[in-house]
Each structure stands twice: as structure tokens, then as C-alpha cells.
Amino acid sequence: MRVIIKEWNAVAAWRWDMPDDDVCGICRNPYDSTCSKCKYPGDECPLLLGECNHSFHMHCIISWLRQESSLEKCPMCRQPFKSKSQDPVTPAPRQTQTANATPTTAT
Amino acid sequence: MALPKRIIKETERLMAEPVKGISAVPHEDNLRYFDVTIEGPEQSPYEGGVFKLELFLPDDYPMTPPKIRFLTKIYHPNIDRLGRICLDVLKGNWSPALQIRTILLSIQALLGAPNPDDPLANDVAQKWKEDQNAAIETARQWTREHAKP
């Protein structure tokens, strides 16, 4: 008997590379789910890993860090929160200002 | 505004796995408003008492802490006449990783460890420093009178 495949549909599953049962410490939704505001998990609602190795939904941690009272600390360990993936911001080389001294004409 | 999932989850867990000596029940008509009771810790002047509190989760919870107040009169250097509580995690040390459950445990711990050096009720704190035994006796008496189970 010969079988001819006329059509096939691939189904893929994805998950963040994170421990199974873990939830975001801010919204308490699973990492594979979204923050409390988003509808679709994945690239639109990514995770952010801190230098302290605590991770959160990016939207959750940003809205915490925007609070003045957060003092920009990690909610879990209270260390200053810095994103691990981000390169340290290096200050752009300053342009030396050339003084354009306009000659004052004495009257 | 819809109730965030986190609040629903916290409420469900408070009901399913209550903390010993603590209860928190949301109002049917406002699920952000809870009736709370805390039992006075053993070997504290509040032992044997059941204290009522009210807890409210503001719109921006968990970015801002819950608002909590004692409704039962209590003689404690860190709790004032209006029932307001002086506790770092309810103010500047709040973190969204904390929950209703952990905050109520902190309050119960505060009953077991009054701190007259960081007072909210100045008269009580002063009394506590001048004559601790007398202050503790007053706290016991208030507990018997006002915090009946």
C-alpha cells in the first residue's frame, strides 16, 4: 500500500529556558505566561534577567523600577537591579567644544 | 477594573492554606477589601487576644503596599491610636515580591517584638522605655478588654 501525504502541519511548542514551575515574583504568573497586562506570551512579553540572577517579566520589572519607592532595587534581594543582558552603558566620547569667541567690538 | 490574577491567586491561597493564627476574608462586594484577624503571639502580652484589622489593596498593588490598620484597640509602641502601624515593609521597604500573607506574618511578628526605639505611639513607647513591666501589664489588660476572641 502506498500512502501519499497530501498535506501536513507542523506544531511546535516553545518555552523560556527556565525552571518548570517558576513564577514571576511580581505578577506571580508563570514565566511562560505573560505579565498581568499582555495577552500573548513570547517575544512580546519577554523576560529580563538581572545581574543578581533574579528574573521577571520585563513589563513587570520595568513598572516596578519606575516607582520612586523601588529605589531601583530588585524586589527579591534588594540589590540594585541591573539587566544582565545589557552591556554597561559607556558614555559617548564628549565632543570638545570649540569656543567660538565672537570678537566684541568696542564702541 | 478587572481584578488582577495575582490578587485572585493570593486570595485563593489564603483560603486554601491559611496561615496559623491569621485569617483574611475579602468582602463580597469589594474583593480588594479584606477583614483580617490576627491572634496575639504566644508569650507576648497579646497572647489570648484576637485582633481585627482592615486591609485594602490599592489600584496599583503590588507596585504599592497594601493599606492596613488595626480596628481593635491595642497598646503597642509601634501602633497608634488610630490603628496605624509603623512597619518598614508597609512603607519604604515594600517590595512587590511580598504578599498579603507575608505582610500579615510581619505584623504578627511585630506583636511579638515591640520596638519602642522606632515609635509611632510616642506615649506608649516612652512608657515602654521607662517601665517595661508596667507597659506590658497595660498591654495585657487592653488585650483582655478589647481583643476578646
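Lettering of chains follows the sequences in order, A, B, ..., and the numbering in each one begins at 1.
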> Under a 4.5 Å heavy-atom cutoff, which of A/Ser70, A/Ser69, A/Cys74, A/Ser63 has the most pairs with chain B?
Replying inline: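 So the answer, after comparing A/Ser70, A/Ser69, A/Cys74, A/Ser63, is A/Ser63.
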> If you tally heavy-atom pairs under 4.5 Å against chain B, which of A/Cys60, A/Cys27, A/Ser36 wins?
Replying inline: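 Of the options given, most contacts go to A/Cys27.
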> Regarding B/His27 and B/Asp35, is there a side-chain donor-to-acceptor distance under 3.5 Å anywhere?
Replying inline: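 Their side chains do contain a donor-acceptor pair, which is all the 3.5 Å distance test asks for.
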>> If only side-chain N and O atoms count, and only distance matters, is there a donor-acceptor pair under 3.5 Å linking B/Tyr75 with B/Glu137?
In response: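 No, B/Tyr75 and B/Glu137 have no side-chain donor paired with an acceptor closer than 3.5 Å.
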> So which part of B/Glu10 gets closer than 4.5 Å to some heavy atom of chain A, the side chain, the backbone, both or neither?
Replying inline: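 Neither the backbone nor the side chain of B/Glu10 comes within 4.5 Å of chain A.
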> Where on A/Arg66 is there a heavy atom nearer than 4.5 Å to chain B: the side chain, the backbone, both, or neither?
Replying inline: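 Contact with chain B: none, neither part.
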> For atom CD of A/Glu72, is the number of surrounding heavy atoms from other residues, nucleotides or ligands below 6.0 Å larger than 12?
Replying inline: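 Count not over threshold, so no.
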>> For B/His146 and B/Phe51, I'd like to know if the aromatic rings sit close, meaning centre-to-centre distance below 6.0 Å.
In response: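 No, the ring centres sit 6.0 Å or more apart.
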